[in-house]
Amino acid sequence: MPDNKEFSKNTKEIYRLMTIKKRTRPLAGVLTIDYSKERAVLWLFLSPALIFLLFANVYPIFYAFYMSFFKFNRLIPNSVPVFIGIKNFIDLLKDPKVIDSLLRTVSFVGITVTIEFIFGMLIALLITSSLRGMEYLRGFFLVPLMMTPVVAGTLWRTMYHSLYGPMNYFLGLFGLPQLEFLGDSTTALPSIMAVEIWQMTPIVIFILAAGLQALPVDIYKSAAVDGASKWQIFTRITLPLLKPVFFVALLLRIMDAFKIFDTVYVMTYGGPGKSTELISMFIYKEGLKYFKIGRASALSIIFLVLIFLISINFLRNIQKRQL
């Protein structure tokens, strides 16, 4: 710094301290802690899980994206992948079977998730009320969640059986005609929807019930003092405050409903005909039944992008409502 008389001694000293070089070694007598060994041990313990996630999740996505640009059928002896660019994507978007399967999946998700949230909200309001015996009702709704989709599908396939299934037995008690629940194209998909609603509604119930119990009580007391009705309290207080929880539950259920596979595979295998062939079942048949690896990979990527766009849209709406 130039020696200027206008600078006071304090100013010169501050400038000197600011321009001094960083010390490469700690000052004598100052205690320093080296966390490098702890970090190394941390990464050592995390590495097995990270390697597993890398090969179980990340690698298949990139490999499917790579194979989506090839035509490859393993049923043909000595066949090799042939690069065809984006032809798989173009053919799939023009294929009426893919469009029908996608529309069927969208209708399945829309109907099941809507009914799940209607029943879920009503039951969540019930189990969070001050009525006696609600703790037993909560335990009752845990039963469907304890079953895997394969077990639930097998159970309901037996219940839907046209000859010895209990569903047709109860219909007969009321003098109603017996139905081919899973053998008729008009009733097969609604029957699977009923199973999905039965098994997944408890998830919505418990998420919404947790949100209801977290709402502030003072607002309800003030509304009651002001003479608000129960409907006004529900529509103007409960629902607006519950919207963030509602959207999170809705996002989780939509993503999960789009991926349904186990129940359909066990109950109908996509039949009768194509009446229950949802997009996940269509991808399975393309890749592991007909071994059209390129088409199955391309359709998987399209499906992944569709779910990603829906998720991003929901997350943006949640962030906007929180601001």
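Just so you know, these numbers use all the heavy atoms, side chains as well, and skip hydrogens, waters and symmetry mates.
Atom CG of Leu252 is separated from atom CZ of Phe314 by 10.5 Å, given to the nearest 0.5 angstrom. For the atom pair CE (Met121) and CG (Leu239), the distance works out to 5.5 Å, reported to the nearest 0.5 Å. Met147 CE to Leu155 CG: the interatomic distance, rounded to the nearest 0.5 Å, is 5.5 Å. In this structure, CD1 on Ile123 lies 7.0 Å from OG1 on Thr201, to the nearest 0.5 angstrom.
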Step-by-step side-chain contact (heavy atoms from CB on, under 4.5 Å) determination, Arg104 to Phe282: CA-CA 11 Å; Arg104 193 178 300 114; Phe282 189 91; over 6 Å; no

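In terms of the ring pair (Phe, Tyr, Trp, His ring centres under 6.0 Å) criterion, Phe72 has no residue partners (sequence neighbours excluded). In this structure, the ring pair (Phe, Tyr, Trp, His ring centres under 6.0 Å) partners of Phe65, at least two apart in sequence or on a different chain, are Phe69. Residues that satisfy the salt bridge (Lys or Arg N to Asp or Glu O under 4.0 Å) test with Asp184, not counting sequence neighbours, are absent from this structure.
Defined by atom type and a distance below 3.5 Å, a donor-acceptor pair is missing between the side-chain atoms of Ser280 and Tyr265.
Checked against the 6.0 Å centroid criterion, the rings of Phe108 and Phe258 do not qualify as a close aromatic pair.
Taken together through direct or relayed side-chain contacts under 4.5 Å among Ile, Leu, Val, Met, Phe, Trp and Tyr, Tyr66 and Leu92 form part of one hydrophobic cluster.
Partner Leu182 forms a side chain to side chain contact (heavy atoms under 4.5 Å, CB included) with one of Thr268, Thr276, Leu189 and no other, that one being Thr268.
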